[in-house]
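Just so you know, residue 1 is the first one in the sequence shown, and it goes up from there. Only this structure's heavy atoms are used, side chains among them; waters, hydrogens and symmetry mates stay out.
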Amino acid sequence: MNVTLSPAIMINRSAPILSVSDNPASTTMTNDLGDTSWADAFTSTTNLQLTRTGNLVTQPTVAWFGVQFTNVVNLIDRREIYP
């Protein structure tokens, strides 16, 4: 499955995040939704590709979001905050 991204992202500064859950209407537990049941990849600056990596018998819900980091060094402020 391909998802169109808008606005475009910088691939070398971005990471896709997936959350997969089982069909809530199912009455049986499945072991199909392990850490490797889905794969994700930014294939271009405007496309996220989601791929099932196994022969899943369940119909899961897949939620996703992308994180893009800035291109400047992030400095940590070490000052303590007092109430």
Side-chain angles (χ1 to χ4, degrees):
M1 176 166 87
N2 290 300
V3 179
T4 302
L5 304 174
S6 178
I9 59 154
M10 300 288 292
I11 293 175
N12 62 338
R13 297 191 331 230
S14 301
I17 309 293
L18 289 182
S19 174
V20 181
S21 60
D22 199 359
N23 180 355
S26 175
T27 58
T28 59
M29 295 293 290
T30 62
N31 294 324
D32 295 337
L33 300 177
D35 291 340
T36 60
S37 63
W38 285 80
D40 55 357
F42 290 124
T43 57
S44 74
T45 60
T46 58
N47 189 70
L48 170 63
Q49 185 176 57
L50 304 173
T51 307
R52 290 174 96 161
T53 57
N55 187 14
L56 304 177
V57 296
T58 185
Q59 294 181 344
T61 299
V62 178
W64 64 271
F65 65 94
V67 176
Q68 179 171 292
F69 299 94
T70 63
N71 63 349
V72 295
V73 176
N74 291 324
L75 300 176
I76 298 173
D77 186 353
R78 294 191 173 111
R79 291 179 291 169
E80 293 185 28
I81 299 173
Y82 297 97

Nearest heavy-atom approach of Phe42 to Ser14 is CE1-CB, 3.7 Å

Using side-chain contact (heavy atoms from CB on, under 4.5 Å) as the criterion, list what pairs up with Ala8, not counting sequence neighbours. Thr45, Thr46

Looking only at atom types and distance, does a side-chain atom of Arg13 sit under 3.5 Å from a main-chain N or O of Phe69, one as donor and one as acceptor? yes

Does Leu50 have any side-chain contact (heavy atoms from CB on, under 4.5 Å) partners at least two apart in sequence or in another chain, and if so, which? Met1, Val3, Leu18, Trp38, Asp40, Leu48, Val62, Trp64

Might you point out which heavy atoms bring Ile9 and Gln68 nearest each other, and give the distance in Å? CA-OE1, 3.2 Å

With sequence neighbours excluded, residues passing side-chain hydrogen bond (donor to acceptor under 3.5 Å, both in side chains) with Thr43: Asn47

Going by the rule side-chain contact (heavy atoms from CB on, under 4.5 Å), which residues pair with Ser19 if we only count those two or more places apart in sequence or in a different chain? Ala63

